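Here the structure comes first, spelled out in structure tokens, and everything after it is commentary.
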Amino acid sequence: MRFKSGFLVGFGAGYVLGAKAGQERYQQIVEATKSLRENPGVQRLTGEVNKTVTVGKDRVSEAASRKVEQAGDAAAAQASKAREAVASVGKKTEEKTEAPTAPASTTSASSGGRPTSKP
């Protein structure tokens, strides 16, 4: 049914915009459209459709808000986990740098890597 009514509205609009029938036919179409809009049954139906759309819009808005809040909570939890992981890696790195280091090599860069002898 929606397809038929949409098709008829589209056909009517196309006819009005593209018609070569002249001003008289255009005025007939405009008058028919006005009388249709002023019909109490059409007005009642339009009101019901508007209410339904408003209720649906509110439901979608609430559902989207809940999903955004859930996504924000999940992102905050992941960020917290990431901070903890970075902090634990930082602690491990500090512990490794505090460990005793090996003695420096006695090789000299200018002698091509050979040990130097002191006379």
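Predicted, not measured: the structure shown is a model, and the values here were computed from it. One is the number of the first residue; the rest follow in order along the sequence.
Between the S61 side chain and the K57 main chain, no donor and acceptor come within less than 3.5 Å of each other.
Taken to the nearest 0.5 Å, the CG atom of N39 stands 8.5 Å off from the CZ atom of R44.
Under a 4.5 Å side-chain heavy-atom cut-off, the cluster of Ile, Leu, Val, Met, Phe, Trp and Tyr residues that includes V42 is completed by L36.
The closest side-chain heavy-atom distance from K51 to E48 is not below 4.5 Å.
Cluster membership check: L45 shares its hydrophobic cluster with V53, using side-chain heavy-atom separations under 4.5 Å among Ile, Leu, Val, Met, Phe, Trp and Tyr.
Residues passing the side chain to side chain contact (heavy atoms under 4.5 Å, CB included) test with S80 are R83, E84, sequence neighbours excluded.
No more than 12 heavy atoms of other residues, nucleotides or ligands sit less than 6.0 Å from atom CD of E69.
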